[in-house]
> 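Handing you a structure now.
Only this structure's heavy atoms are used, side chains among them; waters, hydrogens and symmetry mates stay out. We count residues from 1, following the sequence as given.
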Amino acid sequence: MLSLIVFLPLVGVLLITLLPKKFEAAAKWLALVTSVVDFGLVIALLTRFKIGSAAIQFEKEIAWIPQVHIYYHLGIDGLSLPLLALSTLLIAIATLASWKITVKPRLYFAMILLLSVGLSGVFLSLDLVLFYLFWEIVLIPMYFLISQWGGPRRQYAAIKFFLYTFFGSVFMLVGIAALFIYTGSFDMIALRHLTAGLGSGAFGTVAWWIFAAFAIGFAVKIPIWPFHTWLPDAHVEAPTAGSALLAGIMLKMGLYGFLRIAVPILPQAFHHWQLILGILAVVSIVYGAAVAFAQTDIKKLIAYSSVSHMGFAMLGIAAGTAAGFSGAMAVSISHGLIAAMLFLLVGVVYERTHTREIAKLSGVAAAMPRYAGLFCFASFAAMGVPLLSGFVGEFLSLLGSWGSAALPHVLVVIAGVGILLGGAYMLWLMQRFIFGTPSAAIEGQPEISARELTTIVPLAVLVVAIGVYWTLLLQYADPIARMLQKLVGA
């Protein structure tokens, strides 16, 4: 079942590449059917998943390169299942959002499906080498999506994205190699019991340096300050679907890496990194929110807001408590839904006006009232308004951080100020973008279409469902959070 979920999109890629040029318009239909079926398989998996357990389920292990103990090892638990569901849902939505792509459609939709292969593989791999392989696969299609279908500075943004994230991957590869040298294993689950001999985790020990290698690799992907500078350029220049996938799911790979690899495998080093990670998280929260105020491009504002929101997830991880870990997982899913929704909504206006400058886009409510209502809804969700999903993760992250013995309370207080800043810049954006007299670019523009609504409404429904009924998400996160707290001894 897991292998089918990972590699079904690859079948779609092959079918699309075999399409004759005169039938290349059918590429979008092939991609949509493949992505919807793949998401359907994940829904079927959800119905068979045993809730309340932190154990790996649907495990599959086959010797791949036995000479060096590399295995094709897949499995799923409450950490990876929600991310897998989010990933396959966003791939299907991104495909539908790209319906008007006419330039090289075969290559475009093949890259979307190849991205799905890499993302699913990352969330299902339990062998470090296999994990690294899928991690690197993700870079390739996103590079092409930005460089071929992006904005005016797309080449610069694509190269910067690739080099930054590849830089992080090199550190991660060093960590993987070091773990194997000292333990003789690439198995993520077995390694939890094999790293006790790597030292106390204090500065200078083997465990500390290996954790540092993984932390840099994952921090670049999240991204946490000061590794964030690639993100705004990539978001601004990427096509709408690329931005939605980048913010909605690709940034979550870094958080997943901390929760799946760095924290449970090297808990002794994690204790000596908690304060550092907590400080970097709080800097990201405040810095991202403050810089968002200075932006004149809507996409760039949302990009910097992502830096701020992902800081809350990192703060929850740094806390080392069950509530903090649950909060980090909740932020991952909630931010994925909300950020994807915001970028898709920005794409709707950009497609009509060919500008993202806030000063040129006032008065949307008068011309496109349904669109304006959806944008306000997504903005309130991003602010963390109660009864919407954004509140769940940030509340739990702050709660878990306050109860952490490793983090001073002043960090939590400063993070709370970040929430106020987040509310302020989103309200400021709404005031200028949604209300007032319609600008020349907005006046007379058609209302959001049925196809565009189809990409937004499912995300909005999930935002409300999680915000009202927390258990919908926490029933998967809590067992993993308790297991992680036990491993780190918090």
Side-chain angles (χ1 to χ4, degrees), residues 97-100 150-153 232-233 235-244 247 288-309 337-388 390 419-457 459-461 463-464:
S98 306
W99 212 244
K100 293 186 177 180
R153 299 175 71 242
D233 290 312
H235 270 316
V236 168
E237 300 304 325
T240 296
S243 293
V291 176
F293 269 111
Q295 303 311 310
T296 58
D297 183 301
I298 302 181
K299 252 192 174 185
K300 212 162 197 177
L301 186 150
I302 299 170
Y304 276 108
S305 78
S306 293
V307 175
S308 182
H309 287 296
L337 297 169
I338 296 168
M341 188 161 41
L342 283 168
F343 278 116
L344 290 170
L345 285 167
V346 172
V348 169
V349 165
Y350 182 74
E351 192 174 277
R352 288 159 169 75
T353 64
H354 304 291
T355 182
R356 292 186 300 265
E357 289 297 315
I358 301 170
K360 298 178 181 179
L361 296 173
S362 61
V364 172
M368 305 164 64
R370 286 200 298 273
Y371 172 92
L374 287 169
F375 191 90
C376 289
F377 169 84
S379 299
F380 283 121
M383 291 180 212
V385 171
L387 298 183
L388 299 177
I419 294 180
L420 294 176
L421 291 173
Y425 66 70
M426 290 308 297
L427 288 172
W428 183 60
L429 172 62
M430 288 165 58
Q431 183 181 18
R432 295 183 298 159
F433 177 49
I434 299 298
F435 303 109
T437 304
S439 64
I442 288 295
E443 194 168 9
Q445 293 294 348
E447 182 61 277
I448 187 169
S449 69
R451 176 185 61 82
E452 291 163 339
L453 278 172
T454 305
T455 65
I456 304 297
V457 171
L459 302 177
V461 169
V463 165
V464 174

> Give the minimum heavy-atom separation between Leu427 and Phe380, together with the two atoms involved.
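Shortest heavy-atom contact: CD2-CE2, 4.3 Å.
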
> In the structure I gave you, are the side-chain heavy atoms of Arg352 and Val348 within less than 4.5 Å of one another anywhere?
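Of all side-chain heavy-atom pairs linking Val348 with Arg352, at least one is under 4.5 Å.
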
> Does any non-hydrogen side-chain atom of Gln295 lie less than 4.5 Å from one of Tyr425?
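No. Closest side-chain heavy atoms not under 4.5 Å.
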
> Is the side chain of Glu443 donor-acceptor paired with the backbone N or O of Ala367 at a distance under 3.5 Å, no angle test?
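Not confirmed, Glu443 side chain does not pair with Ala367 backbone.
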
> Does His235 reach the side chain of Ile302, with side-chain heavy atoms less than 4.5 Å apart?
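Not touching, per the 4.5 Å side-chain cut-off.
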
> Are the side chain of Lys300 and the backbone of Pro232 linked by a donor-acceptor contact shorter than 3.5 Å?
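No, the answer is negative, given that no donor and acceptor are paired below the 3.5 Å cut-off.
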
> Can you tell me how far the CD atom of Glu452 sits from the CG atom of Leu344, to the nearest 0.5 Å?
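Result: 9.5 Å between the selected atoms.
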
> If I compare all heavy atoms of Leu374 with all of Leu453, which pair ends up nearest, and what's the gap?
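Leu374 and Leu453 have their closest heavy atoms at CD1-CD2, 3.5 Å.
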
> Atom CE in Met383, atom CD1 in Ile419: separation rounded to 0.5 Å?
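Answer for the CE-CD1 pair, Met383 versus Ile419, is 13.0 Å.
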
> Side chains of Thr353 and Lys360: any donor to acceptor distance under 3.5 Å?
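Lys360 vs Thr353: no donor-acceptor pair found between side chains.
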
> Output all residues satisfying ring pair (Phe, Tyr, Trp, His ring centres under 6.0 Å) with Phe433, sequence neighbours left out; order by chain, then residue number.
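Checked Phe433 against ring pair (Phe, Tyr, Trp, His ring centres under 6.0 Å); matches are Phe375.
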
> Does the side chain of Pro152 reach to within under 4.5 Å of the side chain of Glu237, using non-hydrogen atoms?
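Counting from C-beta outward, Pro152 and Glu237 do come under 4.5 Å.
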
> At their closest point, which heavy atom of Arg356 faces which heavy atom of Val236, and how far apart are they?
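Closest heavy-atom pair between Arg356 and Val236: NH2-O, 3.1 Å.
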
> At their closest point, which heavy atom of Ala289 faces which heavy atom of Gly422, and how far apart are they?
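Minimum heavy-atom separation between Ala289 and Gly422: CB-N, 4.4 Å.
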
> Which value, rounded to the nearest 0.5 Å, describes the distance between Ile338 atom CD1 and Ser379 atom OG?
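Going from CD1 on Ile338 over to OG on Ser379, the span is 10.0 Å.
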
> What are the two closest heavy atoms between Ala247 and Ser306, and how far apart are they?
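Minimum heavy-atom contact is CB-OG, 4.3 Å.
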
> So, taking the atom named CD1 in Ile298 and the one named CG in Leu429, what distance separates them when rounded to the nearest 0.5 Å?
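The CD1 atom of Ile298 sits 5.5 Å away from the CG atom of Leu429.
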
> Measure across Ala366 and Pro369 and return the closest heavy-atom pair with its distance rounded to 0.1 Å.
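Nearest heavy atoms, Ala366 then Pro369: O-CD, 4.4 Å.
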
> Just verifying a value: how many Å separate Arg432 CZ and Thr296 OG1, rounded to the nearest 0.5 Å?
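These two atoms lie 8.5 Å from each other.
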
> Between Leu388 and Val464, is any pair of side-chain heavy atoms under 4.5 Å apart?
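Result yes, sub-4.5 Å side-chain heavy-atom pair found.
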
> Quick check for you: to the nearest 0.5 Å, what is the distance between Met426 atom CE and Leu342 atom CG?
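Rounded to the nearest 0.5 Å, the CE-CG separation comes out at 5.0 Å.
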
> For atom CD of Gln431, decide whether the heavy atoms of other residues, nucleotides or ligands shown that lie under 6.0 angstrom number more than 12.
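Not more than 12 within 6.0 Å, no.
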
